[in-house]
Visitor: 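For reference, the structure I am asking about is given below.
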Amino acid sequence: MKLEQARHNMIEQQIRTWEVLDQTVLQTLVDVRREAFVPTAYQSLAFVDTEIPLPCGQQMLSPKLEARLLQEAALQDDELVVEIGSGSGYMAALLARHARHVVTVEIEPALKALAEKNLRAYGIENVTVELGDGARGWPGHGAFSVPYDVMLLSGSVPMLPATLLSQVKIGGRIIAVVGEAPVMSACLVTRTAEDAWDTRKLFETNITPLRNVERTSAFRF
């Protein structure tokens, strides 16, 4: 009962107050139990408004940020999603509840193994965890390959590389945190034509950068 009360408090006090009001998103936060993806040493922080340390110097995003990004993605159940930066697998688990399939790409072998273990233990079957450097794009394989409907970056980038922009289909979306610390903006970028993108800045935040990201881009805000 204490666990469920903590989950309820997280949703009502942190997430709803951060303009996450989509009932399907809120229900996903109930159904996909966050504590199942939090390292054992940090279980007491599972519902706290903070980032949680992961192996290899990475961080699990705060609950309200995970929820807001999921809401902004506005996924459809026939869409193919690629996530860059698997972490513990929790964000992929949330995305998988709303999408046809999720490809999540992780550069660290230890985190890839952790994400696979957590997703398998939770019984989530529509996620593929790939080992590789997705910061400059991910071509994918077979039916789960470019162009994607949605791309979500679980680490920040100083600017969006053209290689990432080109990997979503026309009408597709990229959800990314863009900028340099301490000022970054969460953005929703929609590809409107072969060489055109529409950008909406959502809110300011500050998260750990992706590794090896490009520092130049053909795209400007």
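Each residue takes its place number in the sequence, starting with 1.
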Visitor: Might you point out which heavy atoms bring N212 and D133 nearest each other, and give the distance in Å?
Guide: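 Between these two residues, the closest heavy atoms are ND2-OD2, 3.0 Å.
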Visitor: For a side chain to side chain contact (heavy atoms under 4.5 Å, CB included) check, start with the C-alpha distance between L95 and L70, then their side-chain angles and the critical distance, and finish with the verdict.
Guide: CA-CA 7 Å; L95 295 167; L70 180 63; 3.9 Å; yes
Visitor: Measuring only between side-chain heavy atoms, which start at C-beta, is V103 closer than 4.5 Å to V81?
Guide: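 V103 does not reach V81 side chain to side chain.
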Visitor: How long is the gap from CD1 on I174 to CG on L152, to the nearest 0.5 Å?
Guide: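 It comes to 10.5 Å.
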Visitor: Are I15 and V38 connected in the hydrophobic side-chain network, where two residues link if heavy atoms are under 4.5 Å apart?
Guide: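 Shared cluster, yes.
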Visitor: Checking R16 against E19 for the salt bridge (Lys or Arg N to Asp or Glu O under 4.0 Å) test, could you report, in this order, the C-alpha distance in whole Å, the side-chain angles of both residues, the deciding distance, and whether it holds?
Guide: CA-CA 5 Å; R16 280 187 184 274; E19 300 180 23; over 6 Å; no
Visitor: Are the side chains of V127 and H101 in touch, meaning some heavy atoms are under 4.5 Å apart?
Guide: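 No. Closest side-chain heavy atoms not under 4.5 Å.
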Visitor: So do P139 and S145 actually touch side chain to side chain, heavy atoms under 4.5 Å?
Guide: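 No - every pair of side-chain heavy atoms lies 4.5 Å or more apart.
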Visitor: Step by step, would you call L111 with Q58 a side chain to side chain contact (heavy atoms under 4.5 Å, CB included)?
Guide: CA-CA 9 Å; L111 285 177; Q58 297 304 298; 3.6 Å; yes
Visitor: Donor-acceptor check, side chain of R191 to backbone of K169, threshold 3.5 angstrom: yes or no?
Guide: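 Checked: no pair found.
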Visitor: When you measure from the side chain of N118 to the backbone of S88, do you find a donor-acceptor pair of N or O atoms at a distance under 3.5 Å?
Guide: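 Checking the backbone N and O of S88 against the side chain of N118, a donor-acceptor pair under 3.5 Å is found.
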Visitor: Answer yes if L94 and Y148 sit in the same cluster of Ile, Leu, Val, Met, Phe, Trp and Tyr residues linked by side chain heavy atoms under 4.5 Å apart, and no otherwise.
Guide: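 L94 and Y148: separate clusters.
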Visitor: Evaluate the criterion side chain to side chain contact (heavy atoms under 4.5 Å, CB included) for residue pair T50 and S62; output intermediate values, then yes/no.
Guide: CA-CA 5 Å; T50 188; S62 68; 5.9 Å; no
Visitor: Hey, is E4 close enough to R33 for a salt bridge, meaning N to O under 4.0 Å?
Guide: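 R33 and E4: salt-bridged.
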Visitor: Say you draw a straight line from CD of Q27 to CG of D22; how long is it, rounded to the nearest 0.5 Å?
Guide: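 If we round to the nearest 0.5 Å, Q27:CD and D22:CG are 11.0 Å apart.
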Visitor: W18 and F203: aromatic ring centres closer than 6.0 Å?
Guide: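 Yes, close enough.
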Visitor: Does any non-hydrogen side-chain atom of R173 lie less than 4.5 Å from one of V168?
Guide: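 Heavy-atom side-chain distance check fails, nothing below 4.5 Å.
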Visitor: Output the distance between atom OG1 (T104) and atom CD1 (I84), rounded to the nearest 0.5 Å.
Guide: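 Between T104 OG1 and I84 CD1, I get 7.5 Å after rounding to 0.5 Å.
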Visitor: Hydrogens and angles aside, do S154 and E83 bring a side-chain donor and acceptor to less than 3.5 Å of each other?
Guide: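 A donor-acceptor contact under 3.5 Å links the two side chains.
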Visitor: In the structure I gave you, are the side-chain heavy atoms of T28 and H98 within less than 4.5 Å of one another anywhere?
Guide: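 Yes, close enough: below the 4.5 Å cut-off.
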Visitor: Is K64 salt-bridged to D49, cutoff N-O under 4.0 Å?
Guide: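 Yes, K64 and D49 are salt-bridged.
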Visitor: Would a 4.5 Å heavy-atom cut-off, applied to side chains only, mark L69 and E72 as touching?
Guide: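 Counting from C-beta outward, L69 and E72 never come under 4.5 Å.
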Visitor: For the atom pair CZ (R200) and OG (S185), what is the distance rounded to the nearest 0.5 Å?
Guide: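 Rounded to the nearest 0.5 Å, the CZ-OG separation comes to 13.0 Å.
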Visitor: What is the distance from atom CD of E79 to atom CG of L75, rounded to the nearest 0.5 Å?
Guide: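 Rounded to the nearest 0.5 Å, the CD-CG separation comes out at 6.0 Å.
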Visitor: For A46 and M10, which heavy atoms make the closest approach, and how far apart are they?
Guide: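 Looking at all heavy atoms of both residues, the closest pair is O-SD, 4.5 Å.
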Visitor: Using modelled atom types and a 3.5 Å cut-off, is there a donor and acceptor pairing between side-chain atoms of Q14 and backbone atoms of N9?
Guide: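 No.
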Visitor: With a 4.5 Å cut-off on side-chain heavy atoms, are P182 and E204 touching?
Guide: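 Counting from C-beta outward, E204 and P182 never come under 4.5 Å.
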Visitor: With the 4.5 Å side-chain cut-off for hydrophobic clustering, are L153 and M184 part of the same group?
Guide: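 No, separate clusters.
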Visitor: Does D149 reach the main-chain N or O of L80 with its side chain, forming a donor-acceptor pair under 3.5 Å?
Guide: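 Answer holds: yes.
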Visitor: Would you check if the side chain of Q167 reaches a backbone N or O of W138 as a donor-acceptor pair within less than 3.5 Å?
Guide: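 Between the backbone of W138 and the side chain of Q167 there is a qualifying donor-acceptor contact (under 3.5 Å).
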Visitor: Kindly confirm or rule out a cation-pi arrangement of R34 over Y90, judged by NZ or CZ under 6.0 Å from the six-membered ring centre and within 45° of its axis?
Guide: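 Ring-cation test returns yes.
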Visitor: Are V82 and V177 co-members of a hydrophobic cluster defined by side-chain heavy atoms under 4.5 Å apart?
Guide: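 No: no chain of side-chain contacts under 4.5 Å links V177 to V82.
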Visitor: Is there a side-chain contact between E66 and M60 (heavy atoms, below 4.5 Å)?
Guide: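 Result yes, sub-4.5 Å side-chain heavy-atom pair found.
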Visitor: L65 and V150: same hydrophobic cluster, using ILVMFWY side-chain contacts below 4.5 Å?
Guide: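 Yes, it is one cluster - the side chains of L65 and V150 are joined through contacts under 4.5 Å.
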Visitor: With rounding to the nearest 0.5 angstrom, report the CG to CD distance, N206 to E51.
Guide: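 The CD atom of E51 is 8.0 Å from CG of N206, to the nearest 0.5 Å.
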Visitor: Run L188 and T199 through side chain to side chain contact (heavy atoms under 4.5 Å, CB included) and show every step you take.
Guide: CA-CA 6 Å; L188 174 64; T199 299; over 6 Å; no
Visitor: Do you know the tightest heavy-atom contact between P209 and S156?
Guide: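 Smallest interatomic distance, heavy atoms only, reads CA-OG, 3.2 Å.
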Visitor: Given salt bridge (Lys or Arg N to Asp or Glu O under 4.0 Å), test E108 with K112 step by step and report yes or no.
Guide: CA-CA 6 Å; E108 290 286 353; K112 175 185 183 286; over 6 Å; no
Visitor: Hey, can you tell me if F37 and Y122 have their rings parallel, tilted or perpendicular (30° and 60° cut-offs)?
Guide: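 Correct class here is tilted.
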Visitor: Taking N126 for its side chain and A99 for its backbone only, find out whether a donor-acceptor pair lies under 3.5 Å.
Guide: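 Side chain of N126 to backbone of A99, a donor-acceptor pair under 3.5 Å: yes, one is there.
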Visitor: Go through the steps to decide whether R100 and D77 satisfy the test salt bridge (Lys or Arg N to Asp or Glu O under 4.0 Å), and finish with yes or no.
Guide: CA-CA 5 Å; R100 172 172 61 90; D77 59 12; over 6 Å; no
